[in-house]
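To keep things clear, I will list the structure first and then write my remarks on it.
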Amino acid sequence: GESVGLHLPTLSVQEGDNSIINCAYSNSASDYFIWYKQESGKGPQFIIDIRSNMDKRQGQRVTVLLNKTVKHLSLQIAATQPGDSAVYFCAENGAAGNKLTFGGGTRVLVKP
Amino acid sequence: KAGVTQTPRYLIKTRGQQVTLSCSPISGHRSVSWYQQTPGQGLQFLFEYFSETQRNKGNFPGRFSGRQFSNSRSEMNVSTLELGDSALYLCASSLGSGRGSYEQYFGPGTRLTVT
């Protein structure tokens with residue numbers, strides 16, 4: 001069945017450094033991926049998305065990379081700030097409609 | 001523009017009871033999806049409603065049900081509550097329904113505790 005997984009539960013990063021969060025997915029038919037950020041007490045917030053016909057997409061301070069060969073997704077955050085401290089989830093929208101399959105999440109802690 | 005609102009924000013119920021949670025999507029949005037978030041299972045899709053019809057359903061028992069009204073507001077119901085139903089229930093709304101077509105906006109969630 002479909003699954004999207006993360007293997008790094010916690011990432012501690014110095015303020016100003018770059019962060020990289022990784023995600024593996026198992027459904028080779030997946031063609032649309034999203035990264036979400038969830039802060040304490042809030043629902044997930046959309047960060048950036050990418051379709052399978054792309055390898056890279058950039059946003060403001062964030063870059064998502066997609067490697068379809070090894071079914072791997074990553075989120076890079078440039079110049080990490082204290083406000084970036086949160087749990088980050090990758091998700092796949094592989095079924096009809098809006099059904100999302102989420103990875104397990106990575107907590108990012110930014111040290112001042 | 002107001003975001004997705006969920007009521008109540010916190011709820012405590014006893015095993016065997018039932019509960020109804022409410023979600024008001026962003027104005028103009030016609031799709032509402034529900035997710036369960038727990039420390040052990042993470043974020044899991046429950047169901048999606050679009051134009052008052054259930055579009056997708058996740059792998060949850062029949063105790064979990066939902067509906068959508070003509071104004072796009074949605075409710076989910078859990079009957080015969082079990083301890084394992086304790087979770088954060090999240091609602092997400094989007095303009096439409098289509099694989100990879102519409103950004104989803106999440107509400108703050110309802111924290112359900114079953115004792």
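Below, read A as the first sequence line, B as the second, and so on, with proteins coming before strands; counting in each chain starts at 1.
For a residue to count as touching a neighbouring chain, one of its non-hydrogen atoms must lie under 4.5 Å from one of that chain's; by this rule B:Tyr35 touches chain A with the side chain only. Neither the backbone nor the side chain of A:Gln45 comes within contact range of chain B, judged by heavy atoms closer than 4.5 Å. Looking at A:Asp31, both its backbone and its side chain come within 4.5 Å of chain B, counting heavy atoms on both sides. Only the side chain of B:Arg9 comes within contact range of chain A, judged by heavy atoms closer than 4.5 Å.
Both A:Tyr88 and A:Val110 belong to a common hydrophobic cluster when Ile, Leu, Val, Met, Phe, Trp and Tyr are linked at side-chain heavy-atom distances under 4.5 angstrom. Each of A:Leu100 and B:Leu95 belongs to its own hydrophobic cluster when Ile, Leu, Val, Met, Phe, Trp and Tyr are linked at side-chain heavy-atom distances under 4.5 angstrom. In the hydrophobic clustering of this structure, A:Ile48 groups with A:Phe33; members are Ile, Leu, Val, Met, Phe, Trp, Tyr whose side-chain heavy atoms approach within less than 4.5 Å, directly or through other members. Using a 4.5 Å cut-off between side-chain heavy atoms of Ile, Leu, Val, Met, Phe, Trp and Tyr, with links allowed through other members, A:Val62 and A:Leu73 fall into the same hydrophobic cluster. The hydrophobic cluster containing B:Leu83 also contains B:Leu11, counting ILVMFWY residues as joined when their side-chain heavy atoms lie under 4.5 angstrom apart, directly or transitively.
Close approach to chain A, defined as a heavy atom under 4.5 Å from one of its heavy atoms, is seen in B:Leu43, B:Phe45, B:Glu48, B:Arg55, B:Asn56 of residues 40-79 of chain B, taken by number.
No more than 12 heavy atoms of other residues, nucleotides or ligands lie within 6.0 Å of CZ in B:Arg15, so this atom counts as exposed by the packing criterion. By the neighbour-count criterion of 12 heavy atoms within 6.0 Å, atom CG of A:Leu109 is densely surrounded, having more than that number from other residues, nucleotides or ligands.
Of all non-hydrogen atoms in B:Ser97 and A:Gly97, the two that sit nearest each other are OG-CA, 3.3 Å.
Of the listed residues B:Arg111, B:Gln6, B:Gln37, the one with more heavy-atom pairs under 4.5 angstrom with chain A than any other is B:Gln37. Considering only heavy-atom pairs separated by less than 4.5 Å from chain A, the leading option among B:Pro108, B:Gly98, B:Gly109 is B:Gly98.
Under the 3.5 Å distance criterion, with hydrogens and angles disregarded, no donor-acceptor pair is assigned to the side chains of B:Ser33 and A:Asn98.
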